[in-house]
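Structure first, commentary second.
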2 protein chains.
Amino acid sequence: MKSRMSPDREVRRQVRRLELVEAAVRAIRREGPGASMEQMAAEAGVTKPILYRHFGDRGGLYAAVTTYAFEGLDSGLQRALQSVDTPPRQVVSNAIDAYLAFVEQAPELYRFLAQRVVNEPGNLQETIDDFTTRVGRDVALILGEALRAAGADSGAAEPWAFGIVGMVFAAGAWWLERRTMTRARLTAYLTDLVCDGLPDLESLTAGLAADITTDPQPAPDLVTAAPDGDPAVGEVVAIGRTPRRQRQ
Amino acid sequence: MKSRMSPDREVRRQVRRLELVEAAVRAIRREGPGASMEQMAAEAGVTKPILYRHFGDRGGLYAAVTTYAFEGLDSGLQRALQSVDTPPRQVVSNAIDAYLAFVEQAPELYRFLAQRVVNEPGNLQETIDDFTTRVGRDVALILGEALRAAGADSGAAEPWAFGIVGMVFAAGAWWLERRTMTRARLTAYLTDLVCDGLPDLESLTAGLAADITTDPQPAPDLVTAAPDGDPAVGEVVAIGRTPRRQRQ
DNA sequence: ACTTCATGGTTACCGATAGTAACGTTACCT
DNA sequence: AGGTAACGTTACTATCGGTAACCATGAAGT
């Protein structure tokens with residue numbers, strides 16, 4: 001069996017695996033998320049059966065790529081989450097920014113990770129773990145401990161963690177399509193939402209119902225209140241909240 | 001050309017389209033998100049070329065299914081979002097619950113919608129709009145108006161809208177896998193997060209750093225503080241916040 | 001009644017791609 | 001040297017998206 005092999009054989013195999021995965025990543029960045037097995041093999045300078053020998057099937061290769069990308073992100077994420085002597089808001093901001101930096105740096109890879117592998121019925125490979133699932137698990141761990149330490153209901157850790165990860169994930173995807181703001185700006189917005197929630201919208205229903213039900217009439221302040229300028233500066237991480245009404 | 005045809009011919013065509021889409025949905029619910037064109041055609045009692053005649057290509061059918069599902073969700077969502085004389089928190093809760101109810105009712109369809117269609121290079125069909133993208137656009141509209149009405153920065157409307165939708169989407173996916181709480185419970189958690197953000201986690205870094213860096217040592221309160229009971233009752237919509245420290 | 005044409009449907013095919021079988025080659029390890 | 005195990009190839013199959021060509025039917029128009 002495989003575990004009874006020469007020790008350096010195993011390490012060489014791992015090295016080769018890594019080479020193949022990196023080639024697959026290059027192929028994805030070149031060809032987009034729909035890169036075929038043949039293209040990924042060609043990028044590594046080999047043919048398909050090599051990939052199948054190493055990864056079993058496409059799902060196996062996808063899982064390896066996902067793991068690879070996850071580890072690349074996770075180092076930065078863990079560094080952000082585990083930093084001591086940092087205010088919680090800054091921790092959240094750093095983590096979100098680390099995530100978005102990853103998105104920005106490898107958009108095609110990100111798009112690849114965004115699509116869940118469709119599990120065809122004949123899939124004998126182990127069930128693949130989604131990218132967001134892995135990140136979510138990590139965040140859930142940290143968040144759960146934090147909630148317990150704060151004396152809060154730790155049952156919220158998992159839904160919140162997976163929710164927050166999905167939030168940053170979706171916002172990142174949206175941001176990739178139409179890049180209408182800087183990364184720092186988006187980080188600031190998301191940090192605000194995660195830390196403070198939506199601002200008080202007492203006038204929401206009243207102001208809205210009139211606007212929605214009588215749709216042809218534009219909101220009176222639609223032009224004056226939407227400057228859409230980009231006040232973000234070039235800082236790597238924007239920690240300051242965007243100016244809005246303070247909750248009291 | 002097509003627009004110069006008998007008027008009832010056109011309506012019959014639309015009816016047929018709807019039948020085909022509904023058959024496709026049935027096939028997806030039976031076979032999972034990976035249902036093939038042939039299976040969807042067979043479910044409708046026809047063969048593949050019929051589908052292609054109506055929808056052009058797979059992307060077209062997927063878009064039609066997405067639109068169909070979206071409209072099914074959107075009615076409930078709009079009803080929740082446009083309700084007058086409802087406190088904002090309840091609006092958020094209702095909207096989230098409408099979303100989760102949809103998830104719960106058609107999990108396989110939801111999984112189908114969750115995966116973005118991989119846009120192969122030869123795709124001449126119009127670019128398909130993601131399910132979450134459509135929901136996000138709707139929420140962004142409403143949220144933008146609400147923010148303007150509240151005098152807040154409306155530039156946050158889009159990132160927040162897409163982020164929140166992604167959050168509920170991801171949390172819904174997580175909830176589908178391991179159903180460790182009731183829908184009402186999850187709705188309450190997510191509503192809390194969206195409306196108030198994370199609770200103050202002042203002791204986050206201190207409490208965490210010790211636990212994470214010295215991983216073999218379990219947190220002392222890990223057993224005592226995690227009862228994991230399910231305090232949710234069977235109410236359709238849980239509006240009350242989960243008991244946690246009040247921000248002041 | 002016979003043709004004509006639109007409509008709804010089918011069979012039979014093509015091309016690409018996931019996945020596999022069988023075989024060759026290099027290099028390591030007694 | 002020789003066994004053997006990893007590395008690699010060519011050539012194949014199966015499936016699935018997509019299309020071409022053909023068939024049936026029924027409602028006109030003449």
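Bear in mind that the values here come from a model prediction, so they are computed numbers and not experimental data. The chains referred to below are lettered A, B, ... by the order of the sequence lines, with proteins before strands, and numbering in each begins at 1.
Checking each of B:Val91, B:Leu77, B:Leu147, B:Leu81 against B:Ile142 for a side chain to side chain contact (heavy atoms under 4.5 Å, CB included) leaves exactly one that passes, namely B:Leu81.
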Please write out the pairs of protein N or O atoms and N or O atoms of nucleotides 9-13 of chain C separated by less than 3.5 Å, giving the distance to one decimal.
unit_1 : atom_1 : unit_2  : atom_2 : d
C:dG9  : OP1    : B:Arg16 : NH2    : 3.1
C:dG9  : N7     : B:Arg53 : NH1    : 3.0
C:dG9  : N7     : B:Arg53 : NH2    : 3.2
C:dG9  : O6     : B:Arg53 : NH2    : 3.1
C:dT10 : OP2    : B:Thr47 : N      : 3.0
C:dT10 : OP2    : B:Thr47 : OG1    : 2.5

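What separates CZ of B:Arg58 from C1' of D:dT15 is a distance of 13 Å, to the nearest Å. Computed from coordinates, the A:Phe55 CZ to C:dT20 P distance equals 15 Å when rounded to whole Å. What separates CG of A:Leu51 from C1' of C:dT20 is a distance of 14 Å, to the nearest Å. Here D:dT15 presents its C1' atom at 15 Å from CD of B:Glu31, a figure rounded to the nearest Å. Across the protein-nucleic acid pair, A:Arg17 atom CZ and D:dA6 atom P stand 15 Å apart, rounded to whole Å. What separates CG of A:Asp57 from C1' of C:dT17 is a distance of 14 Å, to the nearest Å. Per the geometry, OH belonging to A:Tyr62 stands 13 Å off C1' belonging to C:dG19, to the nearest Å. A straight line from CG of B:Leu20 to P of C:dT7 spans 16 Å, rounded to a whole angstrom.
By the neighbour-count criterion of 12 heavy atoms within 6.0 Å, atom CD of B:Glu104 is densely surrounded, having more than that number from other residues, nucleotides or ligands.
Geometric assessment of B:Arg58 against the ring of B:Phe55 yields a negative cation-pi assignment under the 6.0 Å and 45° thresholds. Cation-pi geometry between B:Arg179 and B:Trp175 is met: the NZ or CZ atom falls under 6.0 Å from the ring centre, inside 45° of the normal.
Between A:Phe162 and B:Trp174, the two ring planes are parallel [angle under 30°; tilted spans 30° to 60°].
Of the side-chain N and O atoms in A:Tyr52, one or more sit less than 4.0 angstrom from OP1 or OP2 of C:dG19.
Checked against the 6.0 Å centroid criterion, the rings of A:Phe131 and A:Tyr110 do not qualify as a close aromatic pair.
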